[in-house]
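For reference, the structure discussed in these notes is given below.
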Amino acid sequence: MSKSFKALGLAVGALALTHLPAAAQTKVTNEGISATEIVIGTHQDLSGPIKVWGVPVSNGMKMAVEEINAAGGINGRKIKLILEDSGYDPKRAVLASQKMVERDKIFAMVGPMGSPTVLASQDVLFDAGVLQLFPLTAAEFTFKFDPAKPQERLKFNNLLPYVESTRAAVKYMIEGKNFKKPCIMHQDDEYGKNVLDGFTQQVAAMKLTPASVTSYKRGVSDFSAQVAKMKADGCDLVVLGTVIRETIGAMGEAKKLGWDVTFLGATPTNVLEVPALGKEAVEGLYAASGFEIPYEDTAKGKVKDWLTNYKKMFGTDANTQAIIGYNTVTTFAYYANKAGKDLTGQKMLDALESGDQFKDIFNSPPTKFSKTNHLANTITQVQQVKKGRWVLVKDGLMF
């Protein structure tokens, strides 16, 4: 990772909101805390269209819980993780959240999966005073809060936001390669809308007109109509608001048509499965990202040990998703430790808003929040698939 990215990684996005009114009171639960235990919950897609995200994220979370508990826990308390399968279905996510709040009495929801599922279920948490921490979506609703609604203060996000990362990557690609007819294919949900917003805003700022805008329904596998339309519209840069199989499907369809066009993916495309499963179809794909992906044969120190331990524990190689899942729990543990032995919901909220920095072992930009800014970072990288691996192209990008 270059020095420029390390330095810029210390910056926090200028997305601060106005201060909360003095009279506003945020209710924060003390449920889930006992003398020996802290109960946290998460809902993941373990059986649906993005289970290739949900399963390794869950594994990373389990690994972090095991390590923290083996080391004595958080000020003497062990973490108990409640894991529910949403299947990437908003209705199931709501039911899972209700169950974890009402029956399991969770203290915090940590790393819940997916834009549509998190959006549908978050009010269940806020109404109960449960913190929503570090969801596996970078949609703006997960960190922007209305000061007039004090319960919204309970949401924090440490991922690179889709709008800002898309803008930075699109700006870099258009400036560097002089594209004139950019277009986008995006998932028809909250995630895809955020990528679309970033694309639209940046193209407008550069005084260009999108050559084509097309979408697809979440869960579909046929992208022939969308790709044919973009080819007919003469696109020279295709931005993908896709996840894993959709990225491979769209680029595979382009190969079938003999269409040689440059593809740029949003951050969820920047995972090991894309080159591993897509092979030649995705060679050359660019993607926005928040940190470099470690490979076992080149990793060193703590990261190499972590990769080795993960493989021993789960019988498979670690990936980007596992790192993100691991970091959700280690970040939670850092701020819970900071909150002190007499842990309460209010003390946890104060610790999160203290401005204290958490640094992970993967050399990611530090996590840092304040009372007015519940987003940790807006620094973007661009990586590219070359010979089946992700290679860093440019770091330290902001729009």
Between [atom1] on residue [X] and [atom2] on residue [Y], distance to nearest 0.5 Å:
X: Phe362; Y: Asn327; atom1: CZ; atom2: CG; result: 5.5 Å
X: Phe263; Y: Glu283; atom1: CZ; atom2: CD; result: 14.0 Å
X: Asp189; Y: Lys217; atom1: CG; atom2: NZ; result: 9.5 Å
X: Gln122; Y: Met109; atom1: CD; atom2: CE; result: 11.0 Å
X: Phe314; Y: Ser58; atom1: CZ; atom2: OG; result: 9.0 Å
X: Lys338; Y: Ile74; atom1: NZ; atom2: CD1; result: 14.5 Å

Between [X] and [Y], is any pair of side-chain heavy atoms under 4.5 Å apart?
X: Asp317; Y: Tyr310; answer: no
X: Pro135; Y: Phe141; answer: no
X: Ser212; Y: Lys229; answer: yes
X: Thr308; Y: Lys312; answer: yes
X: Asn75; Y: Asn337; answer: yes
X: Arg92; Y: Asp85; answer: yes
X: Val261; Y: Lys231; answer: no
X: Val271; Y: Gln321; answer: yes

Side chains of [Y] and [X]: any donor to acceptor distance under 3.5 Å?
X: Thr380; Y: Ser165; value: no
X: Ser289; Y: Gln383; value: yes
X: Asp197; Y: Gln201; value: no
X: Tyr334; Y: Asp356; value: yes

Should [X] and [Y] be counted in the same cluster of Ile, Leu, Val, Met, Phe, Trp and Tyr side chains packed under 4.5 Å apart?
X: Phe399; Y: Leu397; result: no
X: Val28; Y: Phe332; result: yes
X: Val94; Y: Tyr191; result: yes
X: Val391; Y: Ile323; result: no
X: Ile106; Y: Val329; result: yes

N-O pairing of Arg218 and Asp188 below 4.0 Å: no

Residue pair His374, Phe143: steps toward the ring pair (Phe, Tyr, Trp, His ring centres under 6.0 Å) verdict: CA-CA 5 Å; His374 287 190; Phe143 58 85; 9.7 Å; no

With a 6.0 Å cut-off (strictly less than), is the heavy-atom count around [atom1] of [X], excluding the residue itself, greater than 12?
X: Asp260; atom1: CG; answer: no
X: Gln384; atom1: CD; answer: yes
X: Glu296; atom1: CD; answer: yes
X: Lys80; atom1: NZ; answer: no

Exam field: side chain Lys155 to backbone Lys144, donor-acceptor pair closer than 3.5 Å: yes

Side chain Tyr295, main chain Trp390, donor-acceptor under 3.5 Å: yes

Ring center gap for Tyr216 and Phe223 short of 6.0 angstrom: yes

Gln151 and Thr26: CA distance, side-chain angles, deciding distance, side-chain contact (heavy atoms from CB on, under 4.5 Å) verdict: CA-CA 5 Å; Gln151 288 309 107; Thr26 304; 3.8 Å; yes

Closest heavy-atom pair and its distance - Gln44, Gly111: NE2-O, 2.6 Å

From CA spacing to verdict: side-chain contact (heavy atoms from CB on, under 4.5 Å), Ser115, Tyr162: CA-CA 11 Å; Ser115 298; Tyr162 299 134; 3.8 Å; yes

Lys181/Asp236 under salt bridge (charged side-chain N to carboxylate O under 4.0 Å, His left out): CA gap, chis, key distance, verdict: CA-CA 5 Å; Lys181 302 183 75 175; Asp236 55 10; over 6 Å; no

